J.: 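Take a look at the following structure, please.
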Amino acid sequence: MDDLTLVRDHTIYSCVMGSRAFGLATEASDTDVRGVYLAPTPLFWRFEKPPTHVEGPRDEEFSWELERFCELALRSNPNVLECLHSPLVQRVTPVGEELLALRGAFLSRRAHTSFTQYAKSQHGKLLADVRVHGAPRWKHAMHLLRLLGSCRDLLRTGRLTIDAGPERERLLAVRRGEVGWAEVDAWMTRLSAESDAALAGGPLPAEPDRARVEDFLLRTRRASAA
């Protein structure tokens, strides 16, 4: 079974991500599709294991095998966690419905570390653009601001919301380059500080519910083997 067949025939969940899911799309925005496929259990009985992820078959499409997806979600990988909260679901099977029902099990205070590390990496790239070109890539600045706000709200409320919400127009102004870098950078600093402040008193548990996720994965693998 080739990699693209795994995606075509065994996807349990797929959704649209990126600007369209965040409420920040323009006419030029791509349609980024992310998915999760369940590799049939017998494929793991061979020396050559099924792939942990697959690009395609369409442009702007990327999928993870279920176990890899769960591993990354338990680590609070921002891109993976946000997939579980997209408002634009394309496909969901009964197993996919079970995965979505586990959204809360993946959430923990680990998100503060993972989101912050990712944000620092992206901020460094923006600073490099400013040094070289005099301005950042404004689209990337917009997306980093949205991510930082999402992290802060997750730590405050225990719920992950990926839509830009009331900040939409201000974020789109950043994308258009209508907000100066000094103001954008100060906004990022404030959001980071608010996330730090929300960490201690927030409702999230210290660790995700790994046992609950593992039980789901084991049951799913057994059903696939049968």
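Atoms considered below: every heavy atom in the structure, side chains included; atoms not considered: hydrogens, waters and symmetry mates. Only a predicted model underlies this, so the values are computations on that prediction, with no experimental measurement involved.
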J.: Which side-chain N or O atoms in residues 158-166 pair as donor and acceptor under 3.5 Å with protein atoms at least two apart or in another chain?
T.:
from   : atom 1 : to     : atom 2 : distance (Å)
Asp163 : OD2    : Gly165 : N      : 2.7

J.: Which heavy atom of Ala21 sits nearest to which heavy atom of Val16, and what is that distance?
T.: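 Reported closest heavy-atom pair: CB-O, 3.3 Å.
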J.: Please identify each residue that fulfils salt bridge (charged side-chain N to carboxylate O under 4.0 Å, His left out) with Arg34, with sequence neighbours left out.
T.: none
J.: Tell me, with the steps shown, if Leu145 and Glu167 meet side chain to side chain contact (heavy atoms under 4.5 Å, CB included).
T.: CA-CA 10 Å; Leu145 285 165; Glu167 297 289 358; over 6 Å; no
J.: For Phe44, give me all partners under ring-ring contact (aromatic ring centres under 6.0 Å, His included), at least two apart in sequence or on another chain.
T.: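 Phe44 satisfies ring-ring contact (aromatic ring centres under 6.0 Å, His included) with no residue once adjacent residues are dropped.
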J.: Which pairs with one or both residues in residues 85-97 pass side-chain hydrogen bond (donor to acceptor under 3.5 Å, both in side chains), sequence neighbours excluded?
T.: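 Output for this query is empty, none listed.
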J.: What residues, two or more places apart in sequence or in another chain, satisfy side-chain contact (heavy atoms from CB on, under 4.5 Å) together with Thr41?
T.: Trp45, Arg221, Ser224, Ala225
J.: Please determine whether residues Trp187 and Leu148 belong to a single hydrophobic cluster, defined as Ile, Leu, Val, Met, Phe, Trp and Tyr linked transitively by side-chain heavy-atom distances below 4.5 Å.
T.: yes
J.: Got a sec, which pairs hit salt bridge (charged side-chain N to carboxylate O under 4.0 Å, His left out) with one end in residues 7-22, sequence neighbours left out?
T.: none
J.: Side chain of Tyr13, backbone of Cys83: donor and acceptor closer than 3.5 Å?
T.: yes
J.: Would you please test Phe69 and Leu99 for side chain to side chain contact (heavy atoms under 4.5 Å, CB included) and show each step?
T.: CA-CA 10 Å; Phe69 184 87; Leu99 176 64; 4.1 Å; yes
J.: How would you list all residue pairs meeting salt bridge (charged side-chain N to carboxylate O under 4.0 Å, His left out) that involve residues 202-212, not counting sequence neighbours?
T.: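 Passing the test, one end in residues 202-212: Arg110-Glu207.
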J.: Would a distance-only check, ignoring hydrogens and angles, find a side-chain to backbone donor-acceptor pair under 3.5 Å from Ser63 to Tyr37?
T.: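 Not confirmed, Ser63 side chain does not pair with Tyr37 backbone.
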J.: Treat each ILVMFWY residue as a node, draw an edge where side-chain heavy atoms are under 4.5 Å apart, and state whether Trp64 and Val89 are in one component.
T.: yes
J.: Who pairs with Glu178 by side-chain contact (heavy atoms from CB on, under 4.5 Å), at least two apart in sequence or on another chain?
T.: Ala173, Arg176
J.: Identify the two heavy atoms, one from Phe106 and one from Cys70, that lie closest to each other, and give their separation to 0.1 Å.
T.: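 Minimum heavy-atom separation between Phe106 and Cys70: CE2-O, 3.8 Å.
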J.: With no hydrogens and no angle check, is any side-chain donor or acceptor of Asp2 less than 3.5 Å from a backbone partner on Leu4?
T.: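 Between the backbone of Leu4 and the side chain of Asp2 there is a qualifying donor-acceptor contact (under 3.5 Å).
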J.: Please name the pair of heavy atoms, one in Ser108 and one in Leu204, separated by the smallest distance, quoted to 0.1 Å.
T.: O-CD1, 3.5 Å
J.: Test of understanding: with side-chain hydrogen bond (donor to acceptor under 3.5 Å, both in side chains), list the residues that count as partners of Glu183, not counting sequence neighbours.
T.: none
J.: Applying side chain to side chain contact (heavy atoms under 4.5 Å, CB included), run through Asn77 and Ser114 and close with a yes or a no.
T.: CA-CA 6 Å; Asn77 178 288; Ser114 61; over 6 Å; no
J.: Report whether Phe22 and Val179 are members of the same hydrophobic cluster (ILVMFWY, side-chain heavy atoms less than 4.5 Å apart, transitive linking).
T.: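 Per the 4.5 Å side-chain linkage, Phe22 and Val179 are co-clustered.
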J.: If the threshold is 4.0 Å, N to carboxylate O, is there a salt bridge linking Glu82 and Arg146?
T.: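 The answer is yes: the pair qualifies as a salt bridge.
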J.: Is there a side-chain contact between Leu147 and His143, using heavy atoms and a 4.5 Å cut-off?
T.: no
J.: Can you find a heavy atom in the side chain of Phe115 that is under 4.5 Å from one in the side chain of Leu81?
T.: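 Side chain of Phe115 against side chain of Leu81, heavy atoms only: contact under 4.5 Å found.
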J.: Angle between ring planes, Phe62 versus His53, binned at 30° and 60°: parallel, tilted or perpendicular?
T.: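 Because their plane-to-plane angle is under 30°, the rings of Phe62 and His53 count as parallel.
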J.: Would you say Glu60 and Val33 make side-chain contact, with heavy atoms under 4.5 Å?
T.: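 Result no, sub-4.5 Å side-chain heavy-atom pair not found.
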J.: For residues Trp138 and Val184, determine if any side-chain heavy atom of one lies less than 4.5 Å from a side-chain heavy atom of the other.
T.: yes
J.: Under the side-chain contact (heavy atoms from CB on, under 4.5 Å) rule, collect the residues that match up with Leu199, sequence neighbours excluded.
T.: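 Result, side-chain contact (heavy atoms from CB on, under 4.5 Å) vs Leu199: Arg109, His112, Leu155.
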J.: Pair Thr113, Gln117 - check side chain to side chain contact (heavy atoms under 4.5 Å, CB included), show working.
T.: CA-CA 6 Å; Thr113 299; Gln117 288 178 344; 3.6 Å; yes
J.: Below 3.5 Å, can you tabulate the donor-acceptor pairs from side chains in residues 119-130 to any protein atom, sequence neighbours excluded?
T.:
from   : atom 1 : to     : atom 2 : distance (Å)
His123 : NE2    : Asp185 : OD1    : 2.6
Asp129 : OD2    : Arg137 : NE     : 2.7
Asp129 : OD2    : Arg137 : NH2    : 3.4

J.: What residues, two or more places apart in sequence or in another chain, satisfy side-chain contact (heavy atoms from CB on, under 4.5 Å) together with Asp215?
T.: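 Once residues adjacent in sequence are excluded, the partners of Asp215 under the side-chain contact (heavy atoms from CB on, under 4.5 Å) criterion are Arg219.
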J.: Check the hydrophobic clustering (I, L, V, M, F, W, Y; side-chain heavy atoms under 4.5 Å; chains of links allowed) and say if Leu102 and Leu74 are grouped together.
T.: yes
J.: Side-chain contact, heavy-atom cut-off 4.5 Å: Ser192 with Thr116?
T.: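 No. Closest side-chain heavy atoms not under 4.5 Å.
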